[in-house]
There are 2 protein chains.
Amino acid sequence: MALLGADVRLTPHRREVFEVLQGSTDHPTATDIFTRVKDRSPSISLATVYNCLEHLSSAGLIKQVHLERGQSRYCANLHEHVHFHCETCGKVTDAHPAAGFDPAKFWNLPAGTKITRTELAIHGTCASCATKG
Amino acid sequence: MALLGADVRLTPHRREVFEVLQGSTDHPTATDIFTRVKDRSPSISLATVYNCLEHLSSAGLIKQVHLERGQSRYCANLHEHVHFHCETCGKVTDAHPAAGFDPAKFWNLPAGTKITRTELAIHGTCASCATKG
DNA sequence: TGAACACTTTAGAATCATTCCAATTCTAAT
DNA sequence: ATTAGAATTGGAATGATTCTAAAGTGTTCA
Ligand SMILES: [Mn+2]
Ligand SMILES: [Mn+2]
Ligand SMILES: [Zn+2]
Ligand SMILES: [Zn+2]
C-alpha cells in the first residue's frame, strides 16, 4: 500500500508509527512519536521510529516539516496546506487555502491570529539541472 | 545601527560577518561564513561566527533560513522574497514576487525551473496567545 | 591614571538530533 | 524446513550547535 512514490511494506511498526501520526494534529517530533508508539509497543526503539518515518516519508505517506532549527516534525495531512507556527507557544497547526483568495487572506487562519513572518520555500529542479539531467 | 528590533554594537567581527553575508547570494551556512571571514580575519573562531550571526539576526539585519534538516543557512536580503531550493544541486536562490500576480506564477523564477514542492510556513502568534498577552 | 564594570571573543567541552553499524530476528518464497 | 532479503535493535559515531569558563577590550569616572 502506497499512495505516491515507491512502495513501503506496511510492517506492524510502520503501521503503528503511521497511525500514531495520523491520530496527531500537533506535528510531533520523532521522539514525541517514539513515546506515543511505545505505549502500544513497548519494545520499539527510537532507531526504528526514525527508520519508519524515513520509509513512510519517502513513500509519500507522510511529510517532514522543517520550521526552525532543531528536531524535524512530521505531518500526515496530505492535503494542500501550510503550517502556522506560533512563536509564543510553539504550536504548529495546519492552515488550508480558502476559496476566493485574496492573497492577504489566502490562508484560512483562525480569527485573531497575528502573522509576523511567512516563509515559503519552493523546492524543485533549477533550469541548469533540468537541462543537464 | 539597526533596522529592526534591538540594537547590535557593530564590532569589527560582526561587521565582517555581516559584510561577508551581504556579499554572498548563496545562502551560506555558519561554517561557510566562517571560512570566508577567516580569509580576512584569520583569528576568528567558529563560536564567534555563531555568536555574530545570532546577534545580527536577532537585530533583524539578517535572516536564518531552514529549508531542510542539517545546517542553518543565512540570508542578508531583507526584501520580501522566497527561497528556491534545487533538490538536485542543493543551491538556494532568492525569488522575488512579480507584479500582477497570477498565483501560479506569483514568484518570479527563472524560465526552465521545475517546481516539485513548495513549503510555506507562517509564523506569528496564535489567537489564544495573542489574547493572553 | 587606573580600578571597575560590561561586553566580546576564544578554545574546548557538552549537548542534542540524527545516522550508522553490526548483530539478531522476522518474513516470504522456495 | 531452508534460505535470502528485509526489518529491528542497542549502542556507537557523527555533525551542528550551544554552553562554559577564562582572557581580552574598551568605557566610565573617582
Ligand atoms: Mn501539517
Ligand atoms: Mn534569501
Ligand atoms: Zn500560541
Ligand atoms: Zn540545480
Side-chain angles (χ1 to χ4, degrees), chain A residues 1-2 5-21 26-59 61-75 90 92, chain B residues 1-2 5-21 26-59 61-75 90 92:
Chain A
M1 175 224 194
D7 270 44
V8 231
R9 231 171 87 188
L10 250 301
T11 65
H13 280 342
R14 290 182 188 164
R15 180 181 301 282
E16 292 203 79
V17 167
F18 185 47
E19 284 175 8
V20 161
L21 187 57
D26 63 342
H27 301 82
T29 64
T31 52
D32 291 339
I33 294 166
F34 176 54
T35 49
R36 291 175 201 180
V37 172
K38 225 170 165 17
D39 289 343
R40 310 203 217 168
S41 298
S43 74
I44 198 171
S45 73
L46 179 56
T48 296
V49 170
Y50 272 108
N51 185 313
C52 292
L53 290 169
E54 161 62 26
H55 281 269
L56 292 168
S57 55
S58 69
L61 293 171
I62 65 174
K63 291 188 301 185
Q64 270 200 338
V65 180
H66 299 120
L67 297 177
E68 34 175 12
R69 135 135 297 286
Q71 297 177 87
S72 299
R73 293 164 168 278
Y74 297 85
C75 173
V92 175
Chain B
M1 175 226 194
D7 269 45
V8 232
R9 232 171 86 189
L10 250 300
T11 65
H13 281 341
R14 290 181 189 167
R15 181 180 299 283
E16 292 204 79
V17 166
F18 186 47
E19 284 174 8
V20 161
L21 187 58
D26 62 342
H27 301 81
T29 63
T31 52
D32 291 338
I33 294 166
F34 176 54
T35 50
R36 291 174 202 180
V37 172
K38 223 169 169 12
D39 289 343
R40 310 203 217 168
S41 298
S43 74
I44 199 172
S45 74
L46 178 57
T48 298
V49 171
Y50 272 108
N51 185 313
C52 292
L53 290 169
E54 161 61 27
H55 281 269
L56 292 168
S57 55
S58 70
L61 293 170
I62 65 173
K63 290 186 302 185
Q64 271 201 335
V65 180
H66 300 120
L67 297 177
E68 31 172 16
R69 132 134 301 282
Q71 297 177 86
S72 298
R73 293 164 167 278
Y74 297 86
C75 173
V92 176

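Letters go in sequence order (proteins before strands), and every chain restarts at 1.
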[atom1] of [X] versus [atom2] of [N]: gap in Å, rounded?
| X | N | atom1 | atom2 | value |
| --- | --- | --- | --- | --- |
| A:E54 | D:dA6 | CD | P | 16 Å |
| A:L53 | C:dT18 | CG | P | 10 Å |
| B:Y74 | D:dT17 | OH | C1' | 9 Å |
| A:F34 | D:dG10 | CZ | P | 8 Å |
| A:K38 | D:dG10 | NZ | C1' | 11 Å |
| B:H66 | D:dT17 | NE2 | C1' | 11 Å |
| A:I44 | C:dT25 | CD1 | P | 18 Å |
| B:E16 | C:dT9 | CD | C1' | 14 Å |

Under a 3.5 Å distance rule, please check whether [X] uses its side chain to pair with a backbone N or O of [Y] as donor and acceptor.
| X | Y | answer |
| --- | --- | --- |
| B:T35 | B:D32 | yes |
| B:N51 | B:T48 | no |
| B:T31 | B:F34 | no |
| B:R14 | B:R9 | yes |

Give B:S72 one of three labels, base, sugar-phosphate or nothing, depending on what nucleic acid heavy atoms sit under 4.0 Å from its own. sugar-phosphate
What's A:T31 touching, base or sugar-phosphate or nothing? Going by heavy atoms closer than 4.0 Å. nothing
Does [X] make a side-chain N or O approach to OP1 or OP2 of [N] shorter than 4.0 Å?
| X | N | value |
| --- | --- | --- |
| A:T48 | D:dT9 | yes |
| A:H13 | D:dT9 | yes |
| A:R9 | D:dA6 | no |
| A:S45 | D:dT9 | yes |

Between A:S57 and A:Q64, is any side-chain donor less than 3.5 angstrom from a side-chain acceptor? no
Let me know, please, whether B:Q71 or B:A47 comes out on the 5' side of the other along DNA chain D by nearest nucleotide. B:Q71
Using the closest heavy atom to pick a nucleotide of DNA chain D for each, name whichever of A:C52 or B:A30 lands nearer the 5' end. A:C52
On DNA chain C, does the nearest nucleotide to B:S43 precede the nearest nucleotide to B:R69 from the 5' side, or the other way round? Give the residue. B:S43
